[in-house]
Number of protein chains: 2
Amino acid sequence: MDLFVSKYINKIDKKGRVSLPSSFRNVLPKANRNEIILYKSIKTPSIEGCGVGRLKEIAKRINNLDFFSEDYDDFSTSIFSEIVTTNVDKEGRFLIPEELKSYAGIKTEAAFFGQGYFFQMWEPKQGLKNTEDSRRRLLKEKKSLRMMLTQQK
Amino acid sequence: MDLFVSKYINKIDKKGRVSLPSSFRNVLPKANRNEIILYKSIKTPSIEGCGVGRLKEIAKRINNLDFFSEDYDDFSTSIFSEIVTTNVDKEGRFLIPEELKSYAGIKTEAAFFGQGYFFQMWEPKQGLKNTEDSRRRLLKEKKSLRMMLTQQK
DNA sequence: CATATACCCATTGACGCCCATATATTCCCA
DNA sequence: TGGGAATATATGGGCGTCAATGGGTATATG
């Protein structure tokens, strides 16, 4: 499985370390298993994360913008300066930077939600509520959900 | 990671020295870890910096502008003639030339902002405000920012 | 010679690395 | 197939190393 799926709730220890769920670690390329990138979610009070490979993709894309345009600076600033890289230790744990932790309201536990190509970290209560809310919104449009789920191949 | 990412705020000591963030030092080629180039940002009151290797890339960018345009001369002059090289000492610190420091309004602390292939140095307050402004501009066009961040592969 | 800058050494706190344990999971073999 | 052993995962904690910072002294350069 090379996608981030399922959800987990892990504890944050005294030193601020939290285990990246094992199944998530396995999604990272064997080469760079010891480094991930984190950034504030644009739309929700949560932290998003993924492997560094994704960052290089983003970098390439930004690099293709007109270097002297205002857009270049805006993207570059909003993305690169907001992204933090974090090292995953041999036990699979990492530190969540304070700024991100407070942005997401995370204190003693972090809830990990697989999102396919990336994952989110939430304060557990808020995260679960968000899941319910999304599901509720989707169910309001059953038709489209059914279509999404039953479409083949 | 071979990109300048994240942000840091470091102190400037009595002698005018400031630490280049460790993660930034690691972006510089192992060969030339003791030298960086600095120049005034064209669009903002900040200082931009990078390893000496990137000079060629900047030259290329400028060379791609129309040779007979006014822009060509302006960029060429503004950037090349303003570039200064600075030595990084064994502890990873360097001196910010007075002219650049006053251009950016930097006094006792410098904020380092990763920008991918280069970095910026700001007076902390102004730098943080600039980040917010950038983000605000981009969020007005949610589509583009989301695209930049979530496109897969 | 005077000022600026490089080199050396020191301190503090944060972080990485290592080892340890408890629980859960898988595997293997009788 | 049941039970026990080997393995993996989440978690806890000790300790050495490194990053950021401060300061003394040598050296260079005009």
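All values below come from the heavy atoms of this structure, side chains included, with hydrogens, waters and symmetry mates left out. Chain letters run A, B, ... following the sequence lines, proteins first, then strands; residues in each count from 1.
As a whole-Å value, the separation of Asn10(A) CG from dA24(C) P is 14 Å. Here the C1' atom of nucleotide dC7(C) and the CG atom of Asn34(B) are 13 Å apart, to the nearest Å. What separates OH of Tyr8(A) from C1' of dT23(C) is a distance of 17 Å, to the nearest Å. What separates NZ of Lys11(B) from C1' of dT12(C) is a distance of 12 Å, to the nearest Å. Between Arg93(A) atom CZ and dG14(D) atom P the separation is 13 Å, expressed in whole Å. Atom P of nucleotide dA10(D) and atom NZ of Lys7(A) are separated by 16 Å, given to the nearest angstrom. One interatomic measurement links the two molecules: NZ of Lys14(A) to P of dA14(C), which rounds to 16 Å at whole-angstrom precision.
Atom CG of residue Asn34(B) and atom CG of residue Leu28(B) lie 9.5 Å apart, to the nearest 0.5 angstrom.
Residue contacts shown for Ser19(A) include a base, since a base heavy atom lies under 4.0 Å away. No engagement by Asp89(A) is indicated, since no non-hydrogen atom pair under 4.0 Å with the nucleic acid exists. Residue Leu20(B) is in sugar-phosphate contact alone, with no base atom involved, counting any heavy-atom pair closer than 4.0 Å across all strands shown.
Between the Tyr8(A) side chain and the Ala110(A) main chain, no donor and acceptor come within less than 3.5 Å of each other. Between the side chain of Arg17(A) and the backbone N or O of Phe94(A) there is no donor-acceptor pair closer than 3.5 Å.
Within the 4.0 Å cut-off from OP1 or OP2 of dC15(C), not a single side-chain nitrogen or oxygen of Lys15(A) is found. Contact annotation: Lys90(B) side-chain N/O to dC8(C) OP1/OP2 distance is under 4.0 Å.
Phe113(B) does not carry Lys7(B) over the face of its six-membered ring by the limits of under 6.0 Å from the centre and within 45° of the normal.
Here the nucleotide nearest the side chain of Pro21(A), chosen from dA6(C), dC8(C), dA10(D), is dA10(D). With distances taken from any side-chain atom of Asp13(A) to the nucleotides dA19(D), dG23(D), dG12(D), the minimum falls on dG12(D).
Side-chain atoms of Glu91(A) and base atoms of dC19(C) include a donor and an acceptor less than 3.5 Å apart. At a cut-off of 3.5 angstrom, the base of dG13(D) holds at least one donor-acceptor pair with the side chain of Arg17(A).
A donor-acceptor contact closer than 3.5 angstrom is absent between the side chains of Thr86(B) and Glu35(B). Donor-acceptor pairing under 3.5 Å is lacking for the side chains of Thr131(A) and Ser134(A).
For Asp133(A) and Arg137(A), the salt-bridge test fails: no basic side-chain N is under 4.0 Å from an acidic carboxylate O.
Contact check of residues 94-106 of chain A against DNA chain D (heavy atom, cut-off under 4.0 Å) returns no residues at all.
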